[in-house]
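Sequence lines set the chain letters: A, B, ... in the order given, protein chains first and strands last, and positions in each chain run from 1.
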Amino acid sequence: MKIQESMSISEKLNILSDAAKYDVACTSSGVDRKGDGKHMGNCLAKGICHSFSADGRCISLLKILFTNECVFDCKYCINRRSNDVPRASFTPEEVCTLTMEFYRRNYIEGLFLSSGILHNPAYTMELLYQTLYQLRTKYHFQGYIHVKAIPGAPQELIDRTGLLADRMSINLELPTAEGLKKLAPHKSRRTILGPMRQIQNRMEENRQELMVYRQAPRFVPAGQSTQMIIGATPENDFEILSVAESLYRKFQLKRVFYSAFIQVNEDSALPALPGGPPLLREHRLYQADWLLRFYGFEASELLSEARPNFNVFLDPKCDWALSHLEQFPVEVTRADYRTLLRVPGVGVKSAQRIVKARRYGALGFGDLKKMGVVLKRAMYFITCGGKQMYPVKLEEDYILRNLLSVKERLPFDLEHYHQLNLFDDCGVMR
Amino acid sequence: MRNEKTIFLCEDSVDGIFTGVYDAWDSRLGHGNVKLALKGRANYEMFASYREVETDGEKAEKVARTLRRRLGPEDYAHIYQAALSKEEERADSIYRVAVAGLAGGRSGSIMQNLQNPAVCRIFELSRTTGNEAHRYYQFLRFRELAGGVLFSEIKPENDVLPLIGDHFADRFPGEDFMVYDRTHRLFLIHEAFKQWVLVVGEEPDWEKIGKISDRETQFASLWRGFCRSVAIQERRNVRLQQQFLPLKFRAYMTEMNGGA
Ligand code: SF4
């Protein structure tokens with residue numbers, strides 16, 4: 001392990017931001033906090049993206065590892081013990097300075113502090129705690145802080161740290177215990193789910209405390225999140241989405257993030273992905289995740305044992321609608337909010353607008369369009385005042401053909417997306 | 001002749017438009033017979049008579065207060081944001097929404113009545129202006145001048161400074177900062193622990209602004225380095241980057257400009 005003795009802050013930032021980039025969560029959402037009129041910082045519930053890197057991902061937080069001097073050896077990770085890479089560690093002071101000076105220039109919403117395991121989990125967690133403690137009490141920073149809970153760290157330390165952070169996360173890393181055992185030998189379901197449960201319980205206690213005493217310190221007010229690596233282990237979409245669903249339900253997570261596996265290490269335990277990271281698969285999982293969180297869908301409605309993977313050619317909602325044509329067409333002037341949400345081309349906002357606007361009078365297709373409904377998708381599934389927009393057939397093959405001819409707006413170029421052929425044998429095209 | 005249109009020509013500003021609403025209403029010519037337009041921007045119409053509206057802070061304030069009270073703060077916020085838009089037809093649309101909103105026997109929020117074309121237009125304009133303001137929450141960058149003042153320059157299409165002042169003042173209460181809007185030649189000025197103000201008609205002191213603090217170069221370059229190193233090569237996607245971060249914002253963004 002190479003440890004540079006006296007390294008400039010710029011070299012450290014280079015190494016430790018590069019080392020942190022595979023963590024996909026960069027949102028600053030989930031908490032509204034007005035400024036206190038004295039010190040720097042506030043928070044907006046919907047979060048703010050301050051920049052976008054060359055991969056199109058949002059930069060909202062100063063996302064760094066405290067150290068990449070790690071004693072663990074997770075096979076998928078660039079910082080694993082067995083890799084020969086430059087190593088560095090910040091001091092709490094340095095992290096505070098960077099956060100404050102970046103924030104002041106409106107570069108960031110706050111700090112995302114993660115870390116490799118220096119010496120042992122408790123030691124590392126203590127360093128993270130110290131850093132947050134300084135940032136909050138010495139620098140009086142009121143902006144957003146997302147901090148990792150280190151698997152295996154003592155409960156008491158995680159509790160203390162959570163009182164200083166807005167969000168905490170502990171990565172599930174891989175969807176199943178077997179996957180974890182294979183690729184992250186120093187971690188276990190127990191050391192990950194344990195702290196996750198503990199954070200959840202502590203949040204619940206905190207809710208009670210706040211009801212009794214409004215000034216009580218808040219424990220991770222923006223909730224907790226986690227991340228799973230997609231495509232490093234053989235789980236199918238149904239397994240992954242079911243895991244996400246139970247994390248939302250049983251652990252009340254705010255977000256589950258999916259991270260297409262990127263091969264940074266040569267290792268016989270890792271799959272070869274000649275087509276690059278499975279970005280389209282990751283995209284479909286995010287779409288389905290939205291359906292779980294905001295559209296009232298359940299994992300078992302979208303996928304099943306018999307059909308365990310998403311149709312790569314069609315977004316999960318269209319795909320669901322096509323196999324449930326008996327529930328359509330939906331009459332938009334009467335259908336309840338929940339039903340409207342299930343119509344392809346109707347989003348949360350447009351559904352809300354429809355419900356409000358129709359109290360004032362009749363709706364036409366032109367109005368729907370102005371409210372944000374994507375008619376080229378919705379038109380097969382709705383009537384408006386008893387009429388269809390065009391005479392279309394409510395017939396699976398016909399709609400499928402038409403939907404496929406409308407180019408879907410994907411966040412990347414399909415032509416350059418070789419991953420497609422990997423799924424050819426999934427039998428999702430009918 | 002009574003049924004010829006009377007066009008009220010207002011100044012291209014929120015106060016100008018609100019004064020126009022006041023005068024047009026007060027003229028009792030009938031809502032159908034009047035129209036609001038902006039001085040210097042309206043297309044000439046035949047068979048119409050024109051009246052110049054003299055901007056009057058008190059009348060404007062009365063209109064603002066009435067709209068806020070009768071339509072509620074949310075609907076008023078839409079109207080106000082639309083008034084800051086760059087589009088000419090906002091003046092008349094605001095008048096139409098005021099007429100519809102203040103009509104008797106109505107209940108609920110007027111801004112939800114999107115079937116009304118003027119409401120729909122104001123909704124769109126409000127959204128566009130609000131979105132642009134939000135872009136500056138995101139993309140506005142400060143640099144530290146010698147002496148410690150934070151300075152930023154933006155070039156928005158709509159008049160967004162009034163919409164972003166509260167946000168930055170709340171965020172940086174103890175900072176002296178300045179934002180210069182090149183398009184509208186307007187300054188947002190915040191002195192530490194004071195209320196922010198807008199200053200019209202001042203040219204920035206370019207010499208002073210050219211002098212950055214000693215540490216500024218270092219932090220700007222640390223930030224550029226950070227933005228480079230967080231990108232994942234295997235996911236490189238400049239098209240997506242451009243979709244979220246349109247080129248027009250980049251000229252004033254620290255990380256999008258070379259330099260040390
Ligand atoms: S604990 Fe595992 S994932 Fe985290 S830095 Fe160390 S090797 Fe990487």
Is it the backbone or the side chain of A:L16 that comes under 4.5 Å from a heavy atom of chain B, or both, or neither? neither
Between B:R185 and B:E202, is there a salt bridge with N-O shorter than 4.0 Å? no
Would you call B:E255 and A:R105 a salt bridge, using N to O less than 4.0 angstrom? no
Residue among B:L222, B:L245, B:V238 with most heavy-atom pairs under 4.5 Å to chain A: B:L222
Side chain proximity check, B:L161 to B:I154, heavy atoms < 4.5 angstrom: yes
Looking only at B:R228, B:R215, B:R143, the option with the highest number of non-hydrogen pairs under 4.5 Å against chain A is B:R215
Whatever's closer than 4.5 Å to a heavy atom in chain A on B:L150 counts as side chain
Part of B:H167 lying under 4.5 Å from any heavy atom of chain A: both
Assert top hit (heavy-atom pairs under 4.5 Å, partner chain A, pool B:Q112, B:H134, B:R236) equals B:Q112
Select one option (side chain, backbone, both, neither) describing which atoms of B:F168 are under 4.5 Å from chain A's heavy atoms. side chain
Measure B:F244 against the heavy atoms of chain A and call it side chain, backbone, both or neither at under 4.5 Å. both
Is it the backbone or the side chain of B:R127 that comes under 4.5 Å from a heavy atom of chain A, or both, or neither? side chain
Taking all non-hydrogen atoms of both residues, which atom of B:T129 and which atom of B:V160 are closest, and how far apart? O-CG1, 4.1 Å
So which of B:Q242, B:E124, B:E234 has the biggest tally of heavy-atom pairs under 4.5 Å with chain A? B:E234
Pick one of side chain, backbone, both or neither for B:F151, based on which atoms fall under 4.5 Å of a heavy atom in chain A. neither
Roughly how far apart are A:F90 CZ and A:L98 CG, rounded to 0.5 Å? 5.5 Å
SB check A:K148 A:D23 (cutoff 4.0 Å): yes
Less than 4.5 Å to any heavy atom of chain A: does that hold for the side chain of B:F123, its backbone, both, or neither? side chain
Which atoms of B:C227 come close to chain A, meaning under 4.5 Å heavy atom to heavy atom: side chain ones, backbone ones, both, or neither? both
What is the distance from atom NZ of A:K12 to atom CE of A:M7, rounded to the nearest 0.5 Å? 7.5 Å
Heavy-atom proximity to chain B below 4.5 Å, by part of A:N14: both
Quick one: what part of A:R104 sits under 4.5 Å from any heavy atom of chain B, side chain, backbone, both or neither? both
Using a strict threshold of under 4.0 Å (side-chain N to carboxylate O), is an ion pair present between B:E144 and B:K211? no
Would you mind checking which part of B:Q115 comes under 4.5 Å of any heavy atom in chain A, side chain (CB onward), backbone (N, CA, C, O), both or neither? both
